[in-house]
Amino acid sequence: MASLLFGYFVSILPAGVLALALLLLIPRALVGARLAVHILFFILARDAMSPAGFWQLNAGSMRLSGPAPVLLALAGMSAALVVGVAWLERAAREGMPWWRKGRVVASVLWGVAGAVVVTAIAAALKAALGLPSLPAPGPAMYAPILVFALLGNAYEELLFRGMLQERLARHMSATRALLVGAVLFSLCHAWLALIVTRVGLPVLVFTLIEGLVAGFVYRRAGLLGATLAHGLAIFALAIGLY
């Protein structure tokens, strides 16, 4: 396990150092440029998980193939990044709702509903197209997969909904910001889809659906709801629910 994590961290270290150097050089007032650095680092760190063997993708499914301690360690890294980025980029997340004001339970329900919508649409498309499935993990892996799915996607949602969509909404209507943010979210999976895994269109379609639903939930329920919608949908996919 230690060698797997060490190899992964070594592979993303140059990108991390360059990203940190840029963040030290770019003034805080240039929020868009700083956000672009964060997103580029996220893409590189996420896509490095494939050659590291932490997950597998095919046209119809995704499986988290890393051992449970590795998934939990990666989840901890994601949680640390959420805290660090949220603190560092206070200007970029100005106005970002963490949850529906005064109604955390409502935000949770919105998130669960969003996950159900993503899962239902993806399952229907998979069945209609007859896409293949990878072997499902055993129940013993459900808990670490859930922790990883929620914390890993909290980092992604902070960047794409809490910061990117929120900032886009300052320059266009909320609906257009949602649509643009969702398309950019899907586009940021293009390297993973077309080069790293060569799965292609199914990854782009799935992430577009995710982006649209998570963006809608974010507008209604804040970052908590969007994270639950995204994370629980990935959990359902990763355990082979469909």
Side-chain angles (χ1 to χ4, degrees), residues 8-9 12-49 73-101 104 107 111 147-174 176-192 207 210-212 214-231 234:
Y8 172 72
F9 288 135
I12 67 172
L13 181 61
V17 171
L18 288 173
L20 181 59
L22 282 172
L23 291 172
L24 291 173
L25 291 170
I26 298 173
R28 290 181 181 273
L30 297 179
V31 175
R34 294 177 66 86
L35 178 55
V37 172
H38 285 294
I39 290 176
L40 285 172
F41 172 72
F42 164 76
I43 292 170
L44 289 165
R46 179 202 62 208
D47 290 0
M49 289 176 58
L74 292 172
M77 182 185 79
S78 295
L81 285 167
V82 168
V83 173
V85 172
W87 176 81
L88 188 64
E89 305 299 345
R90 295 181 291 279
R93 62 176 180 81
E94 184 180 351
M96 180 192 79
W98 289 98
W99 47 71
R100 196 171 184 178
K101 189 174 181 180
V104 175
S107 295
V147 172
F148 174 83
L150 291 174
L151 292 180
N153 289 297
Y155 176 38
E156 199 166 0
E157 287 303 307
L158 173 64
L159 295 178
F160 284 94
R161 250 60 66 180
M163 294 167 66
L164 177 61
Q165 183 175 320
E166 192 69 39
R167 187 152 189 84
L168 288 171
R170 300 179 188 179
H171 303 284
M172 59 187 77
S173 70
R176 183 170 292 185
L178 188 162
L179 295 173
V180 172
V183 172
L184 287 172
F185 176 71
S186 181
L187 182 62
C188 286
H189 290 77
W191 184 262
L192 175 70
T207 53
E210 272 190 326
L212 290 169
F216 180 81
V217 171
Y218 174 75
R219 285 180 56 188
R220 295 293 185 275
L223 192 65
L224 173 62
T227 297
L228 287 171
H230 191 165
I234 292 295

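A cation-pi arrangement is absent between R46 and Y155, since the terminal nitrogen or guanidinium carbon is not both under 6.0 Å from the aromatic centre and inside a 45° cone about the axis.
With hydrogens and angles ignored, the 3.5 Å screen pairs a side-chain donor or acceptor of R28 with a backbone N or O of L88. In this structure, R34 contributes its side chain and L23 its backbone to a donor-acceptor pair below 3.5 Å. Between the R167 side chain and the L164 main chain, no donor and acceptor come within less than 3.5 Å of each other. The backbone N or O of H230 sits nowhere less than 3.5 Å from a side-chain atom of E157 that would complete a donor-acceptor pair. Checking side-chain atoms of Y8 against main-chain N and O of A45 turns up a donor-acceptor pair under 3.5 Å.
Closest approach of V82 to A154, counting heavy atoms only: CG2-C, 3.8 Å. The minimum heavy-atom distance linking S78 with G152 is given by the pair OG-CA, 3.5 Å. Residues I234 and A149 share a closest heavy-atom pair of CG2-CB, 4.2 Å. Taking all atoms of both residues into account, the shortest heavy-atom contact from V217 to A229 is CG2-CB, 4.3 Å. Scanning all heavy atoms of the two residues, the minimum distance from A221 to S107 falls at O-OG, 3.1 Å. A pairwise comparison of heavy atoms in F160 and L184 identifies CE2-O, 4.5 Å as the closest pair.
Separation of atoms CG (L81) and CG (L74) is listed at 10.5 Å; rounding is to 0.5 Å. Remark: L44 CG to M49 CE distance equals 14.0 Å, nearest 0.5 Å. Note: L179 CG to L212 CG = 6.5 Å, rounded to the nearest 0.5 Å. Note that CG of L158 and CG of L223 are 6.0 Å apart. Values are rounded to the nearest 0.5 Å. Taken to the nearest 0.5 Å, the CZ atom of R161 stands 8.0 Å off from the CG atom of L178. Between the CG atom of L159 and the CZ atom of F41 there is a distance of 10.5 Å, given to the nearest 0.5 Å.
Residues E166 and P97 form a side-chain contact, since some pair of their non-hydrogen atoms from C-beta on lies under 4.5 Å apart. Between M96 and W98 there is a side-chain heavy-atom pair separated by less than 4.5 Å. At a threshold of 4.5 Å between non-hydrogen side-chain atoms, the residues F42 and C188 do not count as touching.
Ring to ring, F185 and H189 are close: their centroids are under 6.0 angstrom apart.
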